[in-house]
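Remarks on the structure that follows.
Values below: every heavy atom of this structure, side chains too, minus hydrogens, waters and symmetry copies.
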Amino acid sequence: MAGLETTGSNPDVGLLYDINGLTATAPDWVDRVVTVAGEYGLILALVLLTVWTWWRVRRTDCREEAAGAVAAVVWAPLAAGIALLVNIPIRGFVGRPSPAEQHRGIEELVAVRGDFSFVSDHATLAMALAVGLFIAHRRAGLAGIALAVLLGFSRVYLGVHYPTDVIGGLALGTAVALLLSPLASALLTPLTKLIARSAKVGRLVWSPKGTRDEAGSVEEEREQEQGRDRQEDGVRQESGAVGVSRRRDRDLAA
C-alpha cells in the first residue's frame, strides 16, 4: 500500500522539518544526549520505573489490593509486547518509508535499519508500558506517560519518524493497554493472589508496611483461627457439661 502523504504542504512534514531542524543550531552534546535517550535511555527509565512501581504497590496492609496492583504491573510489559506484535502488520500494510528517504535536508542522527516508519515501535512500546503502569499506580503512570511523550519527540528530533508516526504509536500503545486490561486482570489477578498466600514467594506480591513479614502474618492468621476454634470447642464442651449437670440435678430431685 502507498505510504501516507509526504509532500511539503503536509503539516506533518512541516512539523518534521521544524523539530528535526533544531539539530542545525543545537550543540553537539545535545544531539548526543537526545540520541542516547531516544534509542535506549528513556526505555531504560521506563523499565526502572516499572520495577519501582512493583516495589511500591506490593507494600500495603491489604493483600487483595496488593495482588490486584501487582497484576496490573505485570500487565504493563505484557501490553508493550503485544502492542509491538500488533504493530508488525500495520507497518507492512501502510509501508511508509523513513523521512530521510522521502525528503531532502533531514538530519538523520540514527541509522535507520531499512524498516518502515509508521507506526513508531519506540512510541508504541513506551506508551503501552506507561498506560499499564497508570492502571497500577497513578503517579508512576503519569511519569511514564511523560517519558513516552518525550521519547516520541526525540524520535522526530533524530529524523527517524514523522510526528504522525509517533502519534500513531502513542495511540496504539494506549489502545492495547486499556482495551485488553480487563481480560489481563481477570487472568493475572488469581495468579498473583495465589502467590501472595505463599510463605516462600509471597513477598513478590505482598509485603506489608509493618514489621511483620508476609509469612509471619499468614502464620498469625492461622494461629488466630486455631484460637477461635479452641474457644468454640471450649464453649461447646462447657455447654455440654452444664447440660449433664442439670440432668443429674433433676434426677436427684425426682
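Of all non-hydrogen atoms in A130 and I145, the two that sit nearest each other are CB-N, 3.4 Å. Across V34 and S154, no two heavy atoms sit closer than the pair CG1-CB, 3.9 Å. Nearest approach of T189 to A71, heavy atoms of both residues: OG1-CB, 3.7 Å. For the residue pair A140 and L49, the shortest heavy atom distance occurs at O-CD2, 3.3 Å. Across every non-hydrogen atom of L147 and A45, the tightest pair is CD1-CB, 4.1 Å. Across every non-hydrogen atom of G132 and A177, the tightest pair is N-CB, 4.1 Å.
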Set out, in order, the CA-CA distance, both residues' side-chain angles and the distance that settles side chain to side chain contact (heavy atoms under 4.5 Å, CB included) for F116 and V94, then state yes or no. CA-CA 8 Å; F116 295 122; V94 176; over 6 Å; no

Apply side chain to side chain contact (heavy atoms under 4.5 Å, CB included) to L15 and Y162, showing your working. CA-CA 8 Å; L15 189 57; Y162 294 92; over 6 Å; no

Hey, mind stepping through R32 and E39 against salt bridge (Lys or Arg N to Asp or Glu O under 4.0 Å) and telling me if it holds? CA-CA 11 Å; R32 290 194 293 269; E39 283 286 273; over 6 Å; no

Go through the steps to decide whether F134 and T53 satisfy the test side chain to side chain contact (heavy atoms under 4.5 Å, CB included), and finish with yes or no. CA-CA 10 Å; F134 183 81; T53 305; over 6 Å; no

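In terms of modelled atom types and a separation under 3.5 Å, the side chain of H161 and the main chain of S117 share a donor-acceptor contact. No side-chain donor-acceptor contact under 3.5 Å links R155 to the backbone of V160. Under a 3.5 Å cut-off, the side chain of D165 and the backbone N or O of V119 do not form any donor-acceptor pair. Judged by distance alone, with hydrogens and angles left aside, the side-chain atoms of R63 form no donor-acceptor pair with the main-chain N or O of K193 at under 3.5 Å. In this structure, the side chain of T192 engages the main chain of A67 through a donor-acceptor pair within 3.5 Å.
Neither L46 nor V149 shares a network with the other; the hydrophobic side chains, linked directly or stepwise wherever heavy atoms of I, L, V, M, F, W or Y lie under 4.5 Å apart, form separate groups for each. No path of Ile, Leu, Val, Met, Phe, Trp and Tyr side chains, each step under 4.5 Å between heavy atoms, connects V205 with L133, placing them in separate hydrophobic clusters. Linking Ile, Leu, Val, Met, Phe, Trp and Tyr whenever their side-chain heavy atoms come within less than 4.5 Å puts V166 and V110 in one cluster. Under the 4.5 Å side-chain contact rule for hydrophobic residues, V47 and V131 do not share a cluster. Hydrophobic clustering (ILVMFWY, side-chain heavy atoms < 4.5 Å, transitive): L187 and L191 are in distinct clusters.
Note: L178 CG to I135 CD1 = 5.5 Å, rounded to the nearest 0.5 Å. Rounding to the nearest 0.5 Å gives a distance of 11.5 Å between CD1 of I82 and CG of L172. Rounding to the nearest 0.5 Å gives a distance of 4.0 Å between OG1 of T50 and CG of L129. For the atom pair CG (L151) and CG (L170), the distance works out to 8.5 Å, reported to the nearest 0.5 Å. A distance of 11.5 Å separates CG of L78 from OG of S181, quoted to the nearest 0.5 Å. How far CG of L42 is from CZ of F153: 12.0 Å, rounded to the nearest 0.5 Å.
Geometrically, R56 does not engage W54 in a cation-pi contact, judged by NZ or CZ lying under 6.0 Å from the ring centre and within 45° of the ring axis. A cation-pi arrangement is absent between R91 and F93 under the rule of less than 6.0 angstrom and at most 45 degrees off the ring axis.
For the pairing with V86, the side chain to side chain contact (heavy atoms under 4.5 Å, CB included) check across L84, I88, I90 returns one residue only, I90.
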